[in-house]
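Reading through the structure tokens given below for one structure.
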Amino acid sequence: AISGEDGAELSILRASKVLDRLGSRAPLELNGVVEAMDRAAAELQRAVGQLEAMQRDLQTEGESAEAVEDRLYALRAAARKHGCRADELPALRETLAAKVGLIDRSGEVLKRLEADVARTRGAYIAAAEKTSAARRKAGAKLDALVAKELPPLKLDKATFVTSIETLPEPQWGPGGTERVQFLVSTNPGGAPGPLHKIASGGEMARFMLALKVVMAAVGAATTYIFDEVDTGIGGATAAAVGERLAKLAETRQVLAVTHSPQVAARAGHHWIVMKQGAKDMRTTVAPLAANDRRDEIARMLSGATVTEEARKAAEKLLEVGT
């Protein structure tokens, strides 16, 4: 009668909600009515609590079914109040108890979290410093090795620098506390800048080739593919690129797409890539025999019409390449 679905508790609650909605339009005396209703609801809740306690104490075997039913009504009422299912109430109670406990122990919890943050930050900084030391040592070694590769690639006036810049703390991340960049200068006295901004297309290709030659000694890759690494270069510079590709091919498999006869002549095997057809275009790749290699390099030297002079020049390139 008090706490059931049609009991006094819910009746007073519904009446109080109606009075709340009418509060802005009703006389001031209505405030007293609302307060009285709130007191009545509180007293009813206390009475229910006392009755339930008495029922638990005085419960007999014959009354257990009625007690279970009353308890079921109480659980359903509590579930409606908290907007959940009855079987979710235990988990909800634990959540609310944890929140209350956190409020009661907020100072202690905050100190523990601050200690965790300090310990984790210290471990991160220690790992970052170790990484930084290894990074700077490797950077200096890389700079020296790349510097040796630049003159053969006709970049004897260029410089290559591994820049390791310490970042402000908000920019720290999984990679550590630094930003690593490859900086180059292609003119004497020029300030080094990012590789992709300073180097031209041909210079970029040669810088990358120098890096690949150096890294081949420690890298895990067994095959390198270069797509027109000779772009923007020719003559002696192209010959230098071909020589470094041949050096790399001594320990790794190297595939190179090229339009440069000086580069092509350094290869051990040749394939020609051709597109054929008008409407139904097909791309074919065919291996070249020794004479075909000579003629193809001659064509690269002279153009559409292959001259005897071009063939002799091609033979000379192939001799140098072998």
Side-chain angles (χ1 to χ4, degrees), residues 2-3 9-10 12-14 16-17 19-21 23 31 34-57 59 67-68 70-143 161-183 194 218:
I2 298 175
S3 60
E9 273 191 299
L10 291 180
I12 290 179
L13 179 61
R14 288 192 289 267
S16 296
K17 289 182 178 179
L19 292 174
D20 285 340
R21 291 197 296 270
N31 292 336
V34 173
E35 292 175 359
M37 297 281 282
D38 289 342
R39 288 194 300 272
E43 290 296 327
L44 279 173
Q45 289 177 356
R46 186 169 65 176
V48 169
Q50 292 175 349
L51 288 170
E52 289 177 347
M54 292 172 58
Q55 188 176 33
R56 285 193 298 269
D57 294 338
Q59 187 179 46
V68 169
D70 291 343
R71 183 61 177 164
L72 181 58
Y73 280 122
L75 288 172
R76 288 174 177 171
R80 286 195 298 271
K81 176 181 178 182
H82 293 287
C84 64
R85 299 194 307 271
D87 58 358
E88 295 174 343
L89 286 173
L92 177 62
R93 183 185 183 282
E94 291 182 4
T95 301
L96 295 176
K99 290 181 178 179
V100 172
L102 184 61
I103 293 173
D104 293 339
R105 298 179 291 105
S106 59
E108 174 188 343
V109 173
L110 184 59
K111 288 182 180 179
R112 187 176 70 251
L113 292 176
E114 288 175 345
D116 290 344
V117 170
R119 183 173 61 256
T120 303
R121 184 177 185 275
Y124 173 87
I125 291 176
E129 289 176 348
K130 184 178 180 180
T131 300
S132 177
R135 191 174 271 159
R136 293 179 187 279
K137 181 179 179 180
K141 183 178 179 180
L142 179 63
D143 294 347
V161 179
T162 303
S163 170
I164 303 175
E165 174 190 359
T166 301
L167 298 172
E169 186 166 345
Q171 297 182 28
W172 293 359
T177 60
E178 301 161 326
R179 177 187 293 115
V180 180
Q181 284 185 300
F182 292 148
L183 306 181
V218 295

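For the numbers below, each heavy atom of this structure counts, side chains included, while hydrogens, waters and symmetry mates do not. Bear in mind that the values here come from a model prediction, so they are computed numbers and not experimental data.
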Closest non-hydrogen atom pair, [X] against [Y]:
X      : Y      : answer
Arg135 : Gly175 : NH2-O, 3.0 Å
Leu167 : Trp172 : O-NE1, 3.0 Å
Gly139 : Thr162 : O-OG1, 3.8 Å
Pro90  : Ala86  : CD-O, 3.9 Å
Ile2   : Leu44  : CG2-CD2, 3.8 Å

- Message: Would you say that Pro194 contacts Leu183 through its side chain, given a criterion of any heavy-atom pair below 4.5 Å between the two side chains?
- Response: yes

- Task: For atom CZ of Arg80, decide whether the heavy atoms of other residues, nucleotides or ligands shown that lie under 6.0 angstrom number more than 12.
- Result: yes

- Message: Is it true that, when you exclude Arg136 itself, more than 12 heavy atoms of the residues, nucleotides or ligands shown sit nearer than 6.0 Å to its CZ?
- Response: yes

Drop me the distance from [X]'s [atom1] to [Y]'s [atom2], to the nearest 0.5 angstrom.
X      : Y      : atom1 : atom2 : answer
Lys111 : Asp116 : NZ    : CG    : 14.5 Å
Arg179 : Ile164 : CZ    : CD1   : 13.0 Å
Glu169 : Ile125 : CD    : CD1   : 6.5 Å
Asp38  : Leu13  : CG    : CG    : 10.0 Å
Met54  : Gln50  : CE    : CD    : 8.5 Å
Met37  : Arg14  : CE    : CZ    : 11.0 Å

Flag, side chain of [X] to backbone of [Y], donor-acceptor distance under 3.5 Å:
X      : Y      : value
Thr131 : Ala127 : yes
Gln171 : Pro168 : no
Tyr124 : Gly173 : yes

- Item | Cationic N near anionic O, under 4.0 Å, Glu43 to Arg46 | yes

- Query: Charged N to carboxylate O below 4.0 Å: is that the case for Lys81 and Glu9?
  - Reply: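 Not counted as a salt bridge, because no side-chain N and carboxylate O are separated by less than 4.0 Å.
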
